[in-house]
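Everything below concerns the one structure shown next.
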Amino acid sequence: MVKPISRSHDTSRIICFNSDDLEAALEYSFDRAYINQCSIEQSIVGYKEIEMVGGIRDSNGNKILVSGLEDMDPVGIHSGDSIIFAPPPKL
């Protein structure tokens, strides 16, 4: 995953699948980078996502649900576009 270093809050990231993609992503990102630097990170796209939601109790004894959630779709698909299972079947 390649991301230009920018003073603006540019969140564009390019996922590369081979060396040609990486070369194109670096050219594009260096053109957009504020200080002529890019961040190269390992992507986790395709992995399963399991989210744990904590519980909170206030001084009046009110409680909030504690639950685990599992997205049906892998990381890379926005969770708003995915079906969520609770409790997570993988755990």
Side-chain angles (χ1 to χ4, degrees):
M1 186 178 317
V2 178
K3 178 184 179 290
I5 304 297
S6 174
R7 77 171 130 179
S8 68
H9 298 291
D10 183 1
T11 60
S12 62
R13 289 172 173 77
I14 301 169
I15 298 173
C16 305
F17 298 99
N18 56 46
S19 59
D20 292 334
D21 289 350
L22 178 60
E23 186 175 331
L26 287 171
E27 286 180 24
Y28 173 81
S29 296
F30 278 126
D31 287 342
R32 298 190 60 170
Y34 171 64
I35 55 174
N36 205 28
Q37 292 183 0
C38 295
S39 171
I40 299 175
E41 304 168 355
Q42 183 175 354
S43 173
I44 61 168
V45 168
Y47 282 64
K48 290 296 288 179
E49 181 175 2
I50 296 176
E51 178 181 353
M52 299 308 293
V53 179
I56 298 173
R57 178 184 287 189
D58 65 14
S59 61
N60 294 326
N62 298 314
K63 303 171 200 166
I64 295 178
L65 176 65
V66 178
S67 179
L69 309 170
E70 180 179 342
D71 290 315
M72 181 181 85
D73 297 304
V75 173
I77 305 296
H78 189 278
S79 60
D81 296 327
S82 181
I83 295 171
I84 296 176
F85 298 101
K90 297 282 190 242
L91 293 180

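Index from 1, following the sequence. Side-chain atoms are counted along with the backbone in the values below, which use heavy atoms only and exclude waters and symmetry mates.
- In terms of heavy atoms, S29 sits closest to C38 at CB-SG, 3.3 Å.
- Expressed to the nearest 0.5 Å, how far CD1 of I44 lies from CE of M1 amounts to 7.5 Å.
- When the side chain to side chain donor-acceptor pair (under 3.5 Å) test is applied to D73, the partners found at least two apart in sequence or on another chain are S82.
- Partners of S43 by side chain to side chain donor-acceptor pair (under 3.5 Å), not counting sequence neighbours: none found.
- Grouping Ile, Leu, Val, Met, Phe, Trp and Tyr by side-chain contacts under 4.5 Å, direct or through others, puts L22 with V2, L26, F30, I40.
- I84 CD1 to L69 CG: the interatomic distance, rounded to the nearest 0.5 Å, is 5.5 Å.
- Residues that satisfy the side chain to side chain donor-acceptor pair (under 3.5 Å) test with Q42, not counting sequence neighbours, are absent from this structure.
- By the side-chain contact (heavy atoms from CB on, under 4.5 Å) test, E27 is found to be paired with E23, residues two or more places apart in sequence or in another chain being considered.
- N18 meets the side-chain contact (heavy atoms from CB on, under 4.5 Å) test with D20, D21; sequence neighbours excluded.
- Grouped by direct or indirect side-chain proximity (heavy atoms under 4.5 Å, Ile/Leu/Val/Met/Phe/Trp/Tyr only), I14 sits with Y28.
- Residues satisfying the side chain to side chain donor-acceptor pair (under 3.5 Å) test with D58, not counting sequence neighbours, are N62.
- Residues satisfying the side-chain contact (heavy atoms from CB on, under 4.5 Å) criterion with A24, sequence neighbours excluded, are absent altogether.
- Closest of all the heavy-atom pairs between P88 and G68 is CD-O, 3.2 Å.
- Under the rule for a side-chain contact (heavy atoms from CB on, under 4.5 Å), the partners of I35 that lie at least two apart in sequence or sit in another chain are I5, Q37.
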